[in-house]
Amino acid sequence: MSDEAMAVRAEHEPDEDVTEATDAEVKSADVGDEQTDDAPADELSDVEAAWAAQVREAESAVGELRTRLDAAGQAADDLRRSLDESKRARAIDLALARAGATDVAAARELIGSDDSDVLAAVEQLRERRPGLFARAPGLRVTGGQMPRSSTKRAAHAARETGDRRLLLRYLRLRRGGE
């Protein structure tokens with residue numbers, strides 16, 4: 001075999017001892033006449049690689065921000081729902097207190113959460129469970145505390161202030177029978 005044939009064969013069938021050269025090694029080995037053409041291509045590939053890295057970073061940041069935005073939107077929805085529930089509970093409590101409910105907590109539990117009209121729901125409850133409401137319109141809802149009688153209030157006021165007029169009022173109330 002001639003030397004040329006062996007060289008061609010060596011190019012097509014590499015020996016096991018020969019390692020493959022990387023693109024960078026091949027480009028650095030070809031430092032002949034083509035060096036002026038390869039230099040801008042290397043610079044472009046470096047710039048393109050830097051831009052590609054920045055694009056990947058920006059895309060990952062966008063993905064993270066979208067995830068955070070979705071979580072914030074879900075939290076806002078939860079807070080809005082909680083606020084609506086609180087407003088409804090407050091409206092129910094106010095309507096029950098105005099209607100004269102003696103046990104507001106128990107009456108609130110009996111009003112359904114699906115009732116959209118609070119006043120109508122309170123009236124329905126008043127018809128179904130009249131025992132939860134004060135019988136006479138003038139009765140005061142005390143929330144479980146015994147109301148102080150006027151005699152006790154007058155005695156307390158006379159003792160605290162030392163005012164003679166309040167003392168005489170207390171004595172009149174006591175003599176009157178309470």
Side-chain angles (χ1 to χ4, degrees), residues 24 40-178:
D42 286 343
E43 290 175 12
L44 283 178
S45 65
D46 291 343
V47 170
E48 289 174 350
W51 278 100
Q54 287 180 351
V55 166
R56 282 191 299 273
E57 288 175 16
E59 288 175 347
S60 72
V62 165
E64 180 183 334
L65 289 174
R66 282 189 178 142
T67 303
R68 292 171 73 188
L69 180 63
D70 291 342
Q74 182 65 32
D77 290 342
D78 292 344
L79 287 173
R80 198 171 295 116
R81 200 172 305 114
S82 176
L83 178 64
D84 291 342
E85 289 171 4
S86 295
K87 284 181 178 179
R88 177 167 169 68
R90 185 176 186 291
I92 290 172
D93 289 350
L94 183 63
L96 287 170
R98 286 184 179 161
T102 55
D103 190 357
V104 175
R108 183 183 337 116
E109 293 298 321
L110 292 172
I111 292 179
S113 62
D114 58 339
D115 294 331
S116 60
D117 187 15
V118 174
L119 296 176
V122 169
E123 285 304 314
Q124 288 176 353
L125 182 64
R126 185 177 211 152
E127 291 171 5
R128 285 184 298 154
R129 305 277 176 108
L132 288 174
F133 296 90
R135 300 227 186 267
L139 285 180
R140 201 174 79 176
V141 179
T142 61
Q145 296 176 353
M146 293 296 293
R148 298 181 92 189
S149 69
S150 58
T151 306
K152 288 181 183 178
R153 281 194 302 259
H156 179 71
R159 188 177 329 119
E160 291 295 317
T161 62
D163 187 10
R164 287 183 180 191
R165 288 180 304 128
L166 293 177
L167 178 61
L168 290 173
R169 180 171 179 255
Y170 161 70
L171 292 173
R172 269 187 251 120
L173 284 172
R174 194 176 87 179
R175 187 178 40 193
E178 194 177 325

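If you're wondering where the values come from, they're calculated on a predicted model, not measured in any experiment.
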- Could you grab the distance from atom CZ of Arg108 to atom CG of Asp103, nearest 0.5 Å is fine? 9.5 Å

- Message: What's the separation between atom CD1 in Ile92 and atom CG in Leu94, rounded to the nearest 0.5 Å?
- Response: 11.0 Å

- Query: What are the two closest non-hydrogen atoms of Leu110 and Arg128, and how far apart are they?
  - Reply: O-NH2, 3.9 Å

- Query: What residues, two or more places apart in sequence or in another chain, satisfy side-chain hydrogen bond (donor to acceptor under 3.5 Å, both in side chains) together with Arg159?
  - Reply: none

- Distance, nearest 0.5 Å, that separates NE2 of His156 from OG1 of Thr151: 14.5 Å

- Message: Measuring only between side-chain heavy atoms, which start at C-beta, is Phe133 closer than 4.5 Å to Thr102?
- Response: no

- Taking all heavy atoms of Arg169 and all of Ala154, pick out the closest pair and write down the distance. NH1-CB, 4.0 Å

- Message: Taking salt bridge (Lys or Arg N to Asp or Glu O under 4.0 Å) as the definition, give me every residue that meets it alongside Arg98, ordered by chain and number, with sequence neighbours left out.
- Response: none

- Just jot down the side-chain contact (heavy atoms from CB on, under 4.5 Å) partners of Leu119, sequence neighbours excluded, or say none. Ala95, Asp117

Can you give each donor-acceptor pair under 3.5 Å made by side-chain atoms of residues 61-81, sequence neighbours left out, with the distance rounded to 0.1 Å?
| from | atom 1 | to | atom 2 | distance (Å) |
| --- | --- | --- | --- | --- |
| Thr67 | OG1 | Gly63 | O | 2.9 |
| Gln74 | NE2 | Asp78 | OD1 | 3.3 |
| Asp77 | OD1 | Arg80 | NH1 | 3.0 |
| Asp78 | OD1 | Arg81 | NH1 | 3.0 |

- Query: What is the minimum heavy-atom distance between Ala107 and Leu125, and which atoms define it?
  - Reply: O-CD2, 3.4 Å

Expected list for residues 49-58: side-chain donor-acceptor pairs under 3.5 angstrom, two or more places apart:
none

- Identify the heavy atoms of Ile111 and Leu96 that sit nearest to each other, and give their distance. CD1-CD2, 4.0 Å

